[in-house]
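Take a look at the structure set out below.
Order of the sequence lines fixes the chain letters, A, B, ..., with proteins taken first and strands second; residue numbering starts at 1 for each chain. Basis for what follows: all heavy atoms, side chains included, without hydrogens, waters or symmetry-related copies.
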Amino acid sequence: MTEETNTAPVEPAAVEEPLDLVRLSLDERIYVKLRGDRELRGKLHAYDGHLNMVLSEVEETITIVEINDETYEEVIRTVKRTLEMLFVRGDGVILVSPPVRTGS
Amino acid sequence: MSDSFFGFDTTLPPLDSDQLTGLGETIGGQKDEIEEEELESKFKGISLDSGEDFEVYDDERDFCLDTQLEETGDDYNDETFGQVGDIGQDFDYTESTAKIVNTIQKEEEIYVNRRESSNNSENVDEPNKRRPSYAALWGNDSNIIVNGHSPPLPEPPISPSIWGTFHPPSNRKDSLSLVQDGTIPQRYTPPQTSPLPPGFGLSSNRMPMTLEEIEAQLIKQAGLPEKKMLSLAEVEAAIMGINGRPQQLPIHATSEAAYRDQETIAYLEQEALREQEALMYRERKRREKQRKLADMSRYNGLMTQSDKDWINKIQISQLVTDDPYADDFYFQVYSAIRNRQTQPHMSAFSPHGGAGFMGHERRHRSRGSESGLLKMQQQVLRIVNDARRKPKLTQLSLEGALGKIALNSVRNPRQLLQVSSKHNETHHHTGPGSGNHQQHQKIPSISSHGIIDHRKVLRSIENVYTAVLALEELRRNQPPLPRPYVDHEREAIEKWNEEYTELAKTMWEELRVTEMIGVSYPHPFISILSVAKGKKVIPRVLRHCLPDQILTLITMLVANFETLDVCKGAIWGTQGVVSPAMLDEVELYMNTVVPPLLQFVAEAPMRIVLGLFGLFVERNNIVWVARSKVGLAFLTMFLSRTEILKQGGGAMQGLPLPEERELSQWQEIYNRLFSLLQNHFLSLFPPFNIGIDDMYVWQFLAAMAVGASTDQQHILVTEVRERVLDTVIQATRLANDKSSSHKIANVNLFLNALGLDASQLKI
């Protein structure tokens, strides 16, 4: 963003406020980190100011930490499931990441 | 009381209890007069004279019951209860009550007279004062209580109609007495519980009867059927049970004993026992249910219809909106789709909330609760009109209040943060005053130093979407065509036109079609098309474009074709495999961008098609581009359109046959294309046997074959001969398979264009 402000100070930047970044990710696959050790990867269809979101073709990853009763070792395992369409309530959202672009 | 400020003695002379209640009730009574503002006043009324009157009322009614019992009930006691010897009178409170009835009446008269003389001015309100608070809520007349004090009257003027709109809070005792009223009519005939007229439950205030009342009525009408007798006996037993003497078993024992005397078949006995048990079980269930119902119906009729309307209004007013498409878009679209699918069944699913009330949904109504829904709709309409009339206030300043009171609603929630709205101004404000120059300043260039900023591309797409949505919104709200001499209609359509043109211009600029070629790579418009949502928006954009704008767009696309992601990224052969994601993109492109452009080309005159065709061949590396599906699709499109025009197909659109000059121009372009592709025809095909449908290649070859000279046809056939044979061989191997006939059909597309057929081939 600093580059833009240097070269073209008159022009508004593509991203002016945080939610703009989410807006630009509409219709793209995004990564969402949720409370309770959950992560989502899916296509963003809609969002609002609370970061309530509608995602499609979602892959949810739940990380579960289990402690072995005898050895007290932490066993970390992940559970994955896919969902066709998902409504995410915004109060659980920690992080929203736009798609990582490769190439170009 | 606040006068103490001035140092006066403000203690009032002590009031006796009558005066105190009178004071409270006077306030209540006055409030009652203002029926329009009833809700608030009612709440006040409740708080002022609750409790006390409630109890008074209950006592008086019980008292009334007792005296009525004495009055009419004793005549057939013998028949009902049989001969019961001499019973001591020491517990007969009803009789002792009867003795003092006269005294009570006198007291009552004295009381009433005293009240009348003491405040003559409020004479009219007299009955209202004695009205219990919740009776006031029901807005009913209050004679009940006053008359309740004169029980010895032979016919108390408590008509059932009064009770019809007034439902006492039912308690267990009452309901039981009602049931008994049904079974043993001689025992009690209190006027309050006399059989209620039919339609009782439909009275204006809609007080439903309790289940017990209905049942008692039913029993009476049915003439006590056999089965009912048993259940009633059980009710009786239940009453006994309350007194601590469970008598259910003896009753059954006796009836069973009688049964056994007649027939001593054990089986039947067991059967009967089981039946009894089942009956008892059902009875228990029923009683349980009744009890629950009675429990629930305790608060029946606590709210008047206007109370309910008020609550409904509060709830619905949150949902009412001027602009259902903006506030409830998904419902609108969903219901539109649903409407289309199931037109006849729609009425059953009429929405009960949301902005659906606003628009076209209003004409649907549910069959069942038509009147209720109608009422609801009328109310919604009223609320909407109210809201329209009043401008939306966000804050309110009351006289004497410090500061302003914020009015929050769903649309206007309490503001916690103050964020400058600079963003909105720059991006969404496109006032009619802003000139062309200004407009261009607002649209930032998508690249800096020739490098495309991907985020800016996305931003552009979002802006295009914003404009498109606004345009679609405008289209929906297009004012009707103005009638002559109706000025405001003409003005409306002019204003609409202005807005529409302005928005269409913004959209067009955001598309960046007109930006210079060569400044950045790839061209901004091509960058927009390289994003999935950019492709998706194209059909919606083109609906708002003028024909020459579409031509500009298609020209720009053709000129920069090889930089398209779906072209450069989906070429078979050199890179080997095309990724599934890219295949999806190609599919999307074919389904979104191509159809509207195809439609445009299919109506274009020869001159324009030749221009585009020529540009396509000149500007792009044809051998390269033709190996992509989209490139080949464009070539096929141009070839087939020119062929149609050559054969006079343009007559349908009123176009003349192409001129000689145009025909020679076409021949030139065709020959150039053919020579470019010569020796590469086979490479146009996607790899054999990877499950890609190669129909589009056959279509292209067919289009080529139609326009080819004999020599060119010969070259064509020689080059793709191998592929033809391979496909036919594969098809014959797959006999019976569906794909086999499809493959043959594909090959035939090409062979038929040459005047051949796959069946002529000898393998």
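B:Ile528 is listed as a side-chain neighbour of B:Ser460, based on a closest heavy-atom distance under 4.5 Å. Proximity of B:Phe525 to B:Leu553: side-chain heavy atoms (C-beta onward) are separated by under 4.5 Å at one or more points. In this structure, B:Glu462 and B:Glu510 have side chains that are not in contact, with every pair of non-hydrogen atoms separated by 4.5 Å or more. Contact annotation: the side chain of B:Val464 never approaches that of B:Ile461 to less than 4.5 Å [non-hydrogen atoms, C-beta and beyond]. In this structure, B:Glu562 and B:Arg619 have side chains that are not in contact, with every pair of non-hydrogen atoms separated by 4.5 Å or more. Side-chain contact check for A:His50 versus A:Asp91: every heavy-atom pair is 4.5 Å or farther apart. A heavy-atom distance below 4.5 Å is not found between the side chains of B:Leu471 and B:Arg540.
The contact between A:Leu21 and chain B is made entirely by side chain atoms (from C-beta outward), counting heavy-atom distances below 4.5 Å.
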| request: Evaluate the criterion salt bridge (Lys or Arg N to Asp or Glu O under 4.0 Å) for residue pair B:Arg455 and A:Asp20; output intermediate values, then yes/no. | output: CA-CA 10 Å; B:Arg455 279 189 189 149; A:Asp20 280 359; over 6 Å; no
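Scanning residues 52-69 of chain A against chain B with a 4.5 Å non-hydrogen threshold yields no residues. Chain B is approached within less than 4.5 Å, heavy atom to heavy atom, by A:Lys43 from residues 35-44 of chain A, ordered by number.
Between the side chain of B:Lys629 and the backbone N or O of B:Val586, no donor-acceptor pair lies under 3.5 Å. Side chain of B:His523 to main chain of B:Glu515: a donor-acceptor pair is present (N/O by atom type, distance under 3.5 Å, no hydrogens or angles).
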